[in-house]
K.L.:
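The structure's right below; bear with me while I get my questions together.
First the proteins, then the strands, lettered A, B, ... as listed; each starts at 1. Quick note: numbers below take in every heavy atom, side chains included, and nothing from hydrogens, waters or symmetry partners.
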Amino acid sequence: MGLKLFLNLSGPRTIYSQDHIHPILMQQTFPISDEELEALAKNSIDSVFSTMLDRTAVIDKVIKVDEDNHSEGLQLPMDANTPMIAGTVGFLGNLTGIIYIFMELPLAMEATCKLLDMEESDIGVEDHELVNDAIGELTNMIVGTFKNDLSNKGYECRMTIPSILRGSNFSIEPAEVALRRIFKFDCDGRSFVIDVLMKEEN
Amino acid sequence: MRLKVLTVDDSKTVRIIVKKSFKGFDCEITEAQNGVEGLAMAAKVNPDIILLDITMPVMDGVEMLTKLKSDPALKSIPVIMLTAEAGRENVMKIAKIGVRDYIVKPFKEDVLVDKVSRVVDLRPAGEAAPIQKKIDDPIDILVVDDKPAIISQITEGFSHTPWNVKGVSSTGEAIDFCQKKLPDCIIISLSLPEDAAITLFRIIRSNAKTKYVPLFGLSVKTAVEEQARAQQAGFSTIIHKPIDFEELESKIGKAVNLDASGKYFQMGEGYMTVKLPKSCNAAVVNEVSTYLKSKTSEAVNAGISRIIFDAQNVASLNMDVIKLLLHSMKTCRDLSLKYALTGNDVVIEESKKFEESKDWKFCDSLETAKASI
């Protein structure tokens, strides 16, 4: 059973899923090069991780998702059995798109503890609300930095409110998008993935 | 007095981070999750500063800021935007509505504290606050204007107060004055040549001695461009010419944190009198409400058990005044205090038009009121 995410999200929400995600953007040529996009992704992660978490992360893998090369869907480049949390924020404007941050739950918990200056025992494994909110805000900051860099390149956009998904064994189905890249990051041995989908508006 | 900070953000995480950032300071943090809650909370607690996100459900930060700036009772509250939304267009749009500063997420906690401390007097927890001056204490107001007529007008306008007005015509003279004597408040004409008002603003704000002195811009109401530039530079309060001295006096009182309770509350001969002024607008009602609880406690502790609400000077009865009186009378009943109302013919006539006040009994003088309780 597929799950469609739209850009005009009306409020914060959490979706529990082990489903496929169907991006809904259309195929187009794209004005931003792969190198530029990688730099945008890297800068947004560097900025947020160093400022808010006192941590660094490095790009481990970049996957180009084309219409032809993944017609049967793409498994996320992460351990399928590890529970994950995914934050997502869209942006609308000259460039329209959506960015997903898929994070292993242990890393999400560490990030929440650091952000809120709490111990894991203070939060509790079952306190989804606090972890969801923290990862939602982290995603908001990452996409915000990404979007602000786009703005400096002349692409004005505004952001949607973050949404959160929880689950495991995520896979990504083929999508008709102008540009889609998946960046796998390593943060002290823990993994997370950024999935960027964008198209240029006429 | 503890500094009141209102954080308006849909993210609980950000609200927790804000609380954490100000942990070591003498602050009281209140929270709201969106613009609607933010406006309600601002009206309720009258914060010293608001930290406002942009992208929020229900009502976003831009709409809340616009409504805040169009509300006479709230528009002087300084706002710092704390948001992931930067970009030139966004910054320009918000600067035009009037914000004191802009912090882009991600942010370091010390940056947040530093920016807030540039706008309000942030003190470490436990540090004694300076003794609060009263509304009838002498304070020093520096007016920087190259038009002597305006300086004379302001001096004349405050002649009924014990306030000292010193006028200078240039930024150099203003800086010299501040080095010799720290004024309680500075009013700067925004029409000084070569953007001197903005230059002076920056000099004053960057000097450790003067950075907390309240600064008001002075401008002709129609000089919109000049005012927008000043707001972008950081002026949070702009006084319009021709000057409404009642409003200016109230704004200075608030900015300098003067205890204005003496204007409304008097105690003696076993009574506390709450004297309402001629113009009872929302700002006045808000000010009276702020002091009501503490002054009533003070009266009770002084052995006073009779209160007179004196509306003889009130020009017109409005719903804000009625609500204030209803609340005050309920407080009296809760504390078993005796009370009486006085009013003029207009007030008595207008009170009959409202369901809440149609049965109120007014005395025509303080003497009659005292005799009735």
K.L.:
Non-hydrogen contacts under 4.5 angstrom with chain A: give the residues of residues 49-56 of chain B involved, or none if there are none.
P.N.:
B:Thr55, B:Met56

K.L.:
What side-chain donor-acceptor pairs closer than 3.5 Å can you find for residues 182-190 of chain A, not counting sequence neighbours?
P.N.:
unit_1: A:Lys184; atom_1: NZ; unit_2: A:Pro77; atom_2: O; d: 3.2
unit_1: A:Asp186; atom_1: OD2; unit_2: A:Gly189; atom_2: N; d: 3.4
unit_1: A:Asp188; atom_1: OD2; unit_2: A:Arg55; atom_2: NE; d: 3.3
unit_1: A:Asp188; atom_1: OD2; unit_2: A:Arg55; atom_2: NH2; d: 3.3
unit_1: A:Arg190; atom_1: NE; unit_2: A:Glu110; atom_2: OE2; d: 2.7
unit_1: A:Arg190; atom_1: NH2; unit_2: A:Glu110; atom_2: OE2; d: 3.0

K.L.:
Less than 4.5 Å to any heavy atom of chain A: does that hold for the side chain of B:Lys20, its backbone, both, or neither?
P.N.:
side chain

K.L.:
For B:His240, check side-chain hydrogen bond (donor to acceptor under 3.5 Å, both in side chains) against everything at least two apart and list the hits.
P.N.:
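Checked B:His240 against side-chain hydrogen bond (donor to acceptor under 3.5 Å, both in side chains); matches are B:Gln227.
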
K.L.:
Could you tell me the separation between the CZ atom of A:Phe102 and the CZ atom of A:Phe192, rounded to the nearest 0.5 Å?
P.N.:
13.0 Å

K.L.:
Would you mind checking which part of A:Thr112 comes under 4.5 Å of any heavy atom in chain B, side chain (CB onward), backbone (N, CA, C, O), both or neither?
P.N.:
neither

K.L.:
Measure distances from B:Val104 to the heavy atoms of chain A and classify the residue's part below 4.5 Å as side chain, backbone, both or neither.
P.N.:
side chain

K.L.:
Just by distance, no angles: are the side chains of B:Lys254 and B:Asn46 close enough, under 3.5 Å, to form a donor-acceptor pair?
P.N.:
yes

K.L.:
Please check if any side-chain donor atom of A:Glu104 sits under 3.5 Å from a side-chain acceptor atom of A:Thr82, or the reverse.
P.N.:
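On atom types as modelled, these side chains do not qualify, holding no pair under 3.5 Å.
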
K.L.:
Strictly below 4.0 Å, N to O, side chains only: are B:Arg15 and B:Glu31 in salt-bridge contact?
P.N.:
yes

K.L.:
Just to verify, what does B:Thr13 make a side-chain hydrogen bond (donor to acceptor under 3.5 Å, both in side chains) with, not counting sequence neighbours?
P.N.:
A:Asp133

